[in-house]
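First comes the structure, then the notes that go with it.
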Amino acid sequence: MQTHLVARSFHATLKPDKDVQVLFAIQPSSKAVLFIHGFSGDAIDTWSEFPLLLPIANRCHGHDLYFYGYDGLRADLTSSAALFRDFLDRLFSRTIELVNTNLPPAAQRPAGFTYDQMLVVAHSLGAVITRRALLDATRLGRDWAAKIQMLLFAPAHKGANVADLALEAASGFKFVRLFSALARFESPLIDQLKPGSDILKSLLEETQRARANDANPHLKARKVIIAEYEKIVRNETFGDDPPPESIPNTTHTSVCKPRADFRRPLEFLEECL
Amino acid sequence: MSLAEANFQDIVAAYYESTGAARAARYLQDEIDLKHTGQLAVLLRDYREREVDSPTEIELRADVDDLMICCDILEIAIAAGFIGMPNGTHFWVTTNDILENPQVQQYYMKFYPLKLPQLLRFRLRGLYEQVADDPNALVRPVMQFLAMDKRFMKTLNDGYLLRMLDAFEIKGIKDWDFEDIVKIVGQPEEFVRRILLPPEKRDIPDQALHEFSLFLQFSFELHALLNELNEFPLIRSEMWSHYGYWFEIIGDEVKDQLGIALSQFLNWTPGSNTPKAAGEIQGYVRKAQDVLAALTSPTNALAVDSVLKEIRTSNPENGDKRGFVR
């Protein structure tokens with residue numbers, strides 16, 4: 001049974017180079033799931049079969065599914081977070097206008113349609129960008145921030161060694177990563193994601209301050225999922241996040257990629273809905 | 001909400017209104033109404049008989065190609081039950097007029113043979129009505145196909161790589177062809193340097209290398225999708241036929257050229273700290289070559305060819321002996 005319309009580029013973004021893709025629910029429930037990829041990822045490819053498996057998962061039938069794209073290879077982390085916050089700001093403040101602009105005439109939604117809940121599913125660097133964006137939105141007093149929950153896969157919020165991933169991601173030929181000695185890769189992210197970097201330290205400190213007296217529960221991850229064979233990020237707990245859950249036989253890149261015969265990442269997501 | 005109508009509107013928005021297809025349809029309909037037979041014949045000529053070098057003609061023919069692509073997608077969507085059968089709306093009447101025009105027919109049946117617009121034409125004439133028995137089973141593959149095709153159109157269809165594989169030279173500071181790309185693939189350090197360049201600093205060969213990787217990724221995905229559709233041979237064959245130019249008409253050339261480029265990877269020598277690297281490279285190259293062999297196999301065409309042949313045999317006056325059915 002068809003539960004969602006075909007994937008389309010979402011026209012709401014000021015950024016011309018990276019795509020936001022969306023699958024709109026045919027019977028919308030005022031809830032959405034937004035995926036944000038990690039270092040060097042792609043709006044859709046990072047998530048492998050998520051876009052195909054989600055529409056047939058019972059608990060996702062009514063959810064709109066967004067796949068947010070940004071330059072996760074060379075863009076400055078703080079800028080990426082500000083752009084993401086701005087995107088969310090527009091999506092929550094002009095929901096019906098933006099949604100109907102992107103829907104065909106036969107599927108227009110009634111005036112007053114809004115999102116009352118959004119699960120942000122973030123991988124790797126995407127987790128840092130989400131945390132920064134949510135933290136800043138909270139400080140700016142944006143009401144929508146409280147409607148968001150976070151599910152984090154292999155988050156890079158405690159630091160990451162990202163140079164090796166660049167080569168693999170830049171070409172699509174996975175074996176090219178074995179020739180990283182030949183690479184001369186430059187990106188602000190290499191320093192910004194180093195364990196103990198100023199950016200990561202202040203992210204943790206500001207989060208802890210905002211969470212004092214158990215305030216702002218949306219700044220605490222709903223779930224943190226880590227890979228068994230992790231070589232890119234540090235698997236340490238961030239602030240008062242729940243203890244991580246690990247998926248056996250996964251790596252940094254495979255931990256967020258469900259398939260028809262490997263549904264664990266999807267099950268974790270469904271548990272959050 | 002009528003789901004079939006929403007799906008139809010989505011396809012029309014993506015493949016008709018957002019491309020040159022709508023422009024082509026307006027132009028062709030006007031020329032047909034004005035009975036400008038000679039002008040149409042000139043515009044839609046075989047480039048092998050007379051070169052096409054006027055910018056206006058190049059642009060108009062590109063728009064007509066977009067319209068044919070749109071016809072491909074509509075035919076697949078109808079056959080899969082993803083959208084409804086053609087009805088009497090203005091869109092379908094115009095499409096019918098265009099596909100019935102003799103000069104347009106010559107273009108998509110003889111000079112640049114495309115099978116799916118032919119099937120769509122037979123549908124519009126009521127000669128072909130086959131639709132999947134269980135459209136629900138095809139929702140996921142059709143949505144996957146549309147997402148994949150969107151990426152193909154955005155990243156590859158107008159790119160450098162496919163033109164190089166089609167024996168074109170790309171003019172830049174120097175002229176580049178596919179042999180130049182093969183040479184770069186044979187030099188690991190140069191390859192790595194070029195693929196790490198940001199998009200704004202990429203020159204023609206850097207972009208072609210990027211597309212080389214994307215095309216192989218696309219081939220893997222298409223191969224996997226077609227395998228999922230083994231129980232639906234006609235839909236499978238229709239989806240494959242959408243890429244018929246690359247995998248059928250010049251399929252052997254594509255397979256051979258990409259095979260040569262892929263074999264360059266086998267000469268890469270990993271450092272001593274990566275003892276499994278040679279095996280990983282060999283595995284990738286072998287798998288990619290197998291996928292290309294499967295995608296360029298003529299057996300993929302059988303289901304569509306047999307439908308076209310059957311319609312022509314049953315309705316000889318509607319067939320075109322100059323057509324592309326083997």
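Just so it is clear: chains get the letters A, B, ... in the order the sequence lines come, proteins before strands, and each one is counted from 1.
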| Per-residue contact mode, Gln27(A) against chain B (heavy atom under 4.5 angstrom) | neither
| Is it the backbone or the side chain of Arg151(B) that comes under 4.5 Å from a heavy atom of chain A, or both, or neither? | side chain
| task | Under 4.5 Å, counting heavy-atom pairs only, tell me which of Val6(A), Thr3(A), Ile56(A) racks up the most with chain B. | result | Val6(A)
| request: Give a yes-or-no answer on whether the side chains of Ser9(A) and Asp19(A) include a donor-acceptor pair shorter than 3.5 Å. | output: yes
| message | Under 4.0 Å between a side-chain nitrogen and a carboxylate oxygen: does that hold for Glu49(A) and Arg140(B)? | response | yes
| Nearest heavy atoms of Pro258(A) and Trp47(A), plus distance in Å | CD-O, 3.7 Å
| field | Under 4.5 Å from any heavy atom of chain A - which part of Leu216(B) | value | side chain
| said: A side-chain contact here means heavy atoms from C-beta on lying under 4.5 Å apart; do Lys255(B) and Phe247(B) qualify? | reply: no
| request: Would you please classify the geometry between the Phe173(A) ring and the Phe212(B) ring as parallel, tilted or perpendicular, with 30° and 60° separating the classes? | output: tilted
| said: Which residues in residues 104-114 of chain A have any heavy atom closer than 4.5 Å to a heavy atom of chain B? | reply: Pro104(A), Pro105(A), Ala106(A), Ala107(A)
| message | Heavy-atom cut-off 4.5 Å, strictly under: side chain, backbone, both or neither for Leu73(A) against chain B? | response | neither
| field | Pick from Leu197(B), Leu209(B), Leu138(B) with the largest number of heavy-atom pairs that fall under 4.5 Å of chain A | value | Leu197(B)
| message | Using the rule given for salt bridge (Lys or Arg N to Asp or Glu O under 4.0 Å), can you reason through Lys194(A) versus Asp191(A), listing the C-alpha separation, both sets of side-chain angles and the distance that settles it, and then say yes or no? | response | CA-CA 5 Å; Lys194(A) 265 186 191 153; Asp191(A) 288 334; 3.1 Å; yes
| remark: Turns out that what part of Phe265(B) lies under 4.5 Å from chain A's heavy atoms comes down to side chain
| Ring-ring centroid check Phe67(A) Phe50(A), cutoff 6.0 Å | no
| Glu190(B)/Arg194(B) salt bridge by N-O under 4.0 Å criterion | yes
| Which heavy atom in Val182(B) sits nearest to a heavy atom in Gln264(B), and how many Å separate them? | O-CG, 3.6 Å
| said: Quick check on the 6.0 Å ring-centre criterion: do Phe82(B) and Phe145(B) meet it? | reply: no
| request: Measure distances from Gln217(B) to the heavy atoms of chain A and classify the residue's part below 4.5 Å as side chain, backbone, both or neither. | output: side chain
